[in-house]
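Data first, discussion second: the structure below is written as C-alpha cells.
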Amino acid sequence: MSLTFHWFLPTNGDSRHVVGGGHGTPATAFGRDRPPTVAYLSQIAKAAEDIGFVGALTPTGAWCEDAWLTTAMVSQNTERLKFLVAFRPGFVSPTLAAQMASTFQRQTGGRLLLNVVTGGESHEQRAYGDFLDKDARYRRTAEFLQIVRELWNDKTVSLHGEHLQVEDAKLARVPDPVPEVYFGGSSPIAGEVAARHVDVYLTWGEPPAQVAEKIAWVKALAAKEGRTLRFGIRLHVITRDTSDQAWAEADRLLAGFDPQTVKSVQAGLARSESEGQQRMLALHGGGNRDGLEIYPNLWAGIGLVRGGAGTALVGSHDEVAERIKEYHALGIDEFVLSGYPHLEEAYWFGEGVLPRLQAQGLWQHPLGTQTAPSAQVPFAGAGSPR
C-alpha cells in the first residue's frame, strides 16, 4: 500500500519565517509577507498536485480565512488535488454541512475530505456563539457525525439528541463518493468519537513511542465498536540535501522568533483546554529554546510560536525518509505535512524525499509516473532548492 501525503494551504499567510496562530492565538506579523490570496494558494495547490500530494489541509478558526470558501475557489484552479477542509460542527447545522459536502463533491469531481475539529478553546468558541463546554462539544460532534453519515447514506433522518435536533432531514442528492472523515483528539471522549464515527485518526507529531501509544489506544476503542481506522500524522518538515543544511534552516527560523512573541504565544497556549495542545507544550517545556530536538530529526521549535502542530521533521532527505518509515512501521499511513514557505518546501520534500520512498516501494505518484515531477518554473525570491 502506497503511503499517502497531504500538503497544507496556509490560509493564515505564508513567509520565509514561521507564521504563528491557532488555538486561540492570532497569526503573527510574518503572515503578511505572502498574503493568502487565491492566486498564491492556487500556486501552492498546483505545485502540490504536480509533485504528487493527494490532498491539502486547510485550517479553521478566527486566525485564518474560511476553509470552505477558500478551497471552493482554489479547487477551480486545480484538477486532481483533494481538499482536507477543517471545520467545526457547532458552527453549522448537520443537514446543511451534509448538503455543502455533497455540493462540493459534485462541483469538484469528488475532491473533498473533511477534517472535523471539535474546538479546544472555549473562549474562541464563544466568539462564534458556542457556549458549550469541551466535553459537551465532543458529544455534539458525535451527534453531528451520526446525522451527517446517515444523510450521506441516503436516509431520512430524525434525531432528538442532547444537543442537536433534526426532523425528516433528507438530501436531494447524496455525495459520490462519500467524503472521508478525518479527526484528532487526545482526551478520552475524543477517542470514543473517533472509534465510532471517523475514517482516519490524526495525531500531531509526537515522538514515536507516544504515537504508538495513541494508535494502540484508538485501535482498541475502534475494535470494541467493530470498526477499523486508518492513522495519519500532522508534521512540519525541513528537508535538505545534507543534515547540516536542514539544521541551519531550523536555526534560521528559530533566530527569527521574537522573545516577546514567544512569551505571549506560550502564555496563551498554556491556557488551552486541548489535551493535544498541552502535550505539544510539554515537548519543548513551554518556551525553552534548548533541547528542541526531542527525538532524532524531530524538532519542537515550531511550537514556540504556533498553536496546534508544533513539531517538524528536520534532516537530510535520507534521514527524513527514515523517520517517515519509522512512523509508518507503527501504523501511520497518511502524512499531513507543511513547511515555511509552503511553495518552496513542497518542492524540497517532493524532489528530495518522495523519490527515495518511491525507490523503496513505499510511495507512488497518484498518476503512476515513475518519479515525482520536478519544478517547471523558478521559485519566487531567493534561496530556491537546486
Side-chain angles (χ1 to χ4, degrees), residues 1 3-8 22-23 54-61 84 86 88 113-121 134 138 141 145 180-223 225 227-237 269 272-284 294-303 306-314 320 323-339:
M1 173 178 165
L3 295 177
T4 298
F5 291 95
H6 306 278
W7 198 238
F8 185 84
H23 277 265
V54 169
L57 172 65
T58 309
T60 184
L84 182 50
R88 301 185 187 188
L113 305 169
L114 288 177
N115 179 28
V116 175
V117 179
T118 296
E121 314 307 329
K134 180 182 172 183
Y138 274 107
T141 294
L145 290 174
E180 291 192 306
V181 175
Y182 291 65
F183 176 91
S186 299
S187 62
I189 194 169
E192 295 173 10
V193 173
R196 294 173 185 166
H197 297 288
V198 312
D199 301 298
V200 181
Y201 176 84
L202 288 175
T203 179
W204 286 330
E206 299 178 2
Q210 293 172 242
V211 170
E213 290 175 358
K214 272 192 174 180
I215 291 174
W217 167 56
V218 176
K219 270 188 175 179
L221 292 173
E225 302 292 332
R227 303 182 70 239
T228 57
L229 308 181
R230 301 200 312 279
F231 293 89
I233 192 167
R234 172 78 180 94
L235 287 156
H236 306 277
V237 64
L269 294 178
S272 174
E273 300 170 33
S274 166
E275 192 163 324
Q277 182 62 71
Q278 294 305 317
R279 291 167 71 102
M280 282 283 104
L281 293 181
L283 296 179
H284 60 65
I294 56 175
Y295 186 81
N297 307 111
L298 185 63
W299 185 60
I302 303 291
R306 185 190 192 279
T311 53
L313 295 179
V314 181
V320 170
R323 292 289 79 73
I324 287 172
K325 289 166 58 180
E326 185 172 3
Y327 281 114
H328 176 49
L330 301 177
I332 298 291
D333 293 320
E334 303 204 19
F335 294 79
V336 184
L337 305 175
S338 57

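- One N or O on the side chain of Asn297 and one on the backbone of Val314 form a donor-acceptor pair closer than 3.5 Å.
- When the salt bridge (charged side-chain N to carboxylate O under 4.0 Å, His left out) test is applied to Glu273, the partners found at least two apart in sequence or on another chain are Arg137.
- Among residues two or more places apart in sequence or in another chain, the salt bridge (charged side-chain N to carboxylate O under 4.0 Å, His left out) test is passed with Glu225 by Arg196.
- A cation-pi arrangement is present between Arg234 and Phe8, with the terminal nitrogen or guanidinium carbon under 6.0 Å from the aromatic centre and inside a 45° cone about the axis.
- For the pair Ile233 and Val211, the minimum side-chain heavy-atom distance is below 4.5 Å.
- The side-chain hydrogen bond (donor to acceptor under 3.5 Å, both in side chains) test applied to Lys219 returns no partner, not counting sequence neighbours.
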- Please lay out, stage by stage, how Leu57 and Asn115 fare under the test side chain to side chain contact (heavy atoms under 4.5 Å, CB included). CA-CA 8 Å; Leu57 172 65; Asn115 179 28; 3.6 Å; yes
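- Listed by chain and number, the residues in a side chain to side chain contact (heavy atoms under 4.5 Å, CB included) with Glu180 are Leu113, Tyr182, Asp199, Arg230 (sequence neighbours excluded).
- Under the 4.5 Å side-chain criterion, counting only non-hydrogen atoms from C-beta, Ile215 is not in contact with Thr203.
- Taking both residues in full, the closest heavy atoms of Leu229 and Arg227 are given as CD2-NH1, 3.3 Å, listed atom of the first, atom of the second, then distance.
- A heavy-atom distance below 4.5 Å is found between the side chains of Glu275 and Pro188.
- Interatomic distance, NZ of Lys214 versus OG of Ser186, reported as 3.0 Å (0.5 Å rounding).
- Residues that satisfy the side chain to side chain contact (heavy atoms under 4.5 Å, CB included) test with Gln210, not counting sequence neighbours, are Glu206, Pro207, Arg279, Leu283.
- Among residues two or more places apart in sequence or in another chain, the ring-ring contact (aromatic ring centres under 6.0 Å, His included) test is passed with Phe335 by Phe5.
- Residues satisfying the side-chain hydrogen bond (donor to acceptor under 3.5 Å, both in side chains) criterion with Tyr201, sequence neighbours excluded, are absent altogether.
- With sequence neighbours excluded, no residue forms a side-chain hydrogen bond (donor to acceptor under 3.5 Å, both in side chains) with Tyr138.
- The distance from atom CH2 of Trp299 to atom CD1 of Ile294, rounded to the nearest 0.5 Å, is 11.5 Å.
- In plain terms, the two heavy atoms of Ala312 and Ile302 that are nearest each other are CB-CG1, 4.2 Å.
- Residues meeting the side-chain hydrogen bond (donor to acceptor under 3.5 Å, both in side chains) test with Ser274, sequence neighbours left out: none.
- Not counting sequence neighbours, Glu213 has no partner by the salt bridge (charged side-chain N to carboxylate O under 4.0 Å, His left out) test.
- Of the inter-residue distances, the one linking Leu269 atom CG with Gln277 atom CD reads 4.5 Å to the nearest 0.5 angstrom.
- Within the 4.5 Å cutoff, the side chain of Arg306 has no heavy atoms near those of the Met280 side chain.
- What you find for Thr141 and Phe183 is that their closest heavy atoms are CG2-CE1, 4.2 Å.
- Between atom NE2 of residue His328 and atom CG of residue Asp333 there is a gap of 5.5 Å, rounded to the nearest 0.5 Å.
- Considering NZ of Lys325 and CG of Leu3, their distance stands at 10.5 Å, rounded to 0.5 Å.
- In this structure, CH2 on Trp204 lies 10.0 Å from NE2 on His236, to the nearest 0.5 angstrom.
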